[in-house]
Amino acid sequence: MPHKDTVSWNVLISSFLRNKRTRDVLGVFDSMVRDEFGCKPDDVTCLFLLQACADLGALEFGDKVRNYMEENGYGDAIKLCNSLISMYSRCGCLDQAYEVFNRMREKNVVTWSAMISGLAMNGHGRGALEAFRQMGQAGVPPDDQTFTGLLSACSHCGLLDEGMLFFETMTKQYGIKPNIHHYGCIADLMGRVGKLDQAYELIMSMKELKPDSALWRTLLGACRIHHNVTLGETVVGHLVELKAQEAGDYVLLLNIYSSVGDWEKVKDTRRFMKERGIQTSLGCSSIIVKGVVHEFLVDDVSHSRKEEIYTTMDEINKQLKIAGYVADITSELHNLDEEEKGHALSYHSEKLAMAFGILATPPGTTIRIAKNLRTCVDCHEFAKALSWVYNRVVVIRDRNRFHHFREGRCSCDDFW
DNA sequence: ATAGGGTTAG
């Protein structure tokens, strides 16, 4: 192995990150720490590593990088601390993000924005607004990304008036022109509180910016929440026009049809998807116990402890039923009768992961689950009930968002 | 090689 210095390895790590080879990034770091390459990680290496940990939700590894930073004199570097705040937030550990934030003597616009986004992402919308106020008091001017975090906080909490006001003052007071993300937040905010037509008008009124597929999907999600068939179909039309329609969009449309009981259209859409070969991806949830990653798919029977898991699952169902939990079937796509629907939802991947968490960790341990898709309404209710009955904190991370369940409530209650 | 980003997905 020819000698390569730290900079060369950093360049390699950076290309790994760009190409989503995130796990390889962790491997290179371990090798560097073990001095297998004749050079040590520097501040730039750590910065990349924290980004990788955030992408993977690899909390333990993130802690390791933080220890390394502190032992090697990078503990106070502002860029690294800002990245730490983001990493902890994106791992669902708001307490630790806040601890880093609090200890920083110098806070710049990135520091504040990271904290505001972290609060928003973890369901503390009001906290994000409060942080923004403090930021103003501290005399740090916000920028476009600060407002992205702030507006998303408003949409998470359904704070329509506040959100609209921020959207306005952003331009008038701070001279920041809204970008597509800002429009996304506002469309989401309007959509969630049920002002679907207003959200549609906002998107159609965009002049300089062209609505992208993500923006349309935001509105489609709102159509699902409010069971709006007509607008839902219009939005899918826009996605088709952009040639950006994906399997998930048709699933949302299916959900909208089934929520209003239009089984004919459910059938048509299913047929359409089959004819076009539109494949839906499987829900997959993972949980780490004693350093081992356990993955579950829907109705998964491949786990070595499957008998125990299903027995635990049945026991949990029994206990939750006693506590008053009733399966919510609005997410189910099939035209089944209520009892069958209740069964069809029983073994979503996150439920299996939760059952395994109950089974394999000591009482009181926080159950942390990562999911590749969004959690359905029923699993959300299930997790709430479970957090209450079993007295456990449950943290579920879906694609970009965290749900913190504690004592029968979720951090995103009412708006998710 | 150098920080912080919203929304959508059975």
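We name chains A, B, ... by the order of the sequence lines, and we start the count at 1 in each one.
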For [X], enumerate each residue passing the ring-ring contact (aromatic ring centres under 6.0 Å, His included) test, keeping only those at least two apart in sequence or located in another chain.
{"X": "A:H181", "value": "none"}
{"X": "A:F147", "value": "A:F132, A:Y174"}
{"X": "A:H124", "value": "none"}

Name the nucleic acid region contacted by [X], choosing base, sugar-phosphate or nothing; use a 4.0 angstrom heavy-atom cut-off, strictly under.
{"X": "A:N372", "answer": "nothing"}
{"X": "A:V11", "answer": "sugar-phosphate"}
{"X": "A:N179", "answer": "base"}
{"X": "A:S113", "answer": "base"}

Check side chain to side chain donor-acceptor pair (under 3.5 Å) between A:Y200 and all other residues, then give those that pass, not counting sequence neighbours. A:H238
Please identify each residue that fulfils side chain to side chain donor-acceptor pair (under 3.5 Å) with A:Y88, with sequence neighbours left out.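 A:D63, A:R66.
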Answer with yes or no whether A:D143 presents, from its side chain, a donor or acceptor under 3.5 Å of a partner atom in the base of B:dG4. yes
Spell out yes or no: do the side chain of A:D249 and the base of B:dA9 have one donor N/O and one acceptor N/O closer than 3.5 Å? no
A:Y68 ring center near A:F29 ring center (under 6.0 Å): yes
Taking only heavy atoms on the protein side, list every residue of residues 46-63 of chain A lying under 4.0 Å from any atom of DNA chain B, sorted numerically.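 Output list: A:L47, A:F48.
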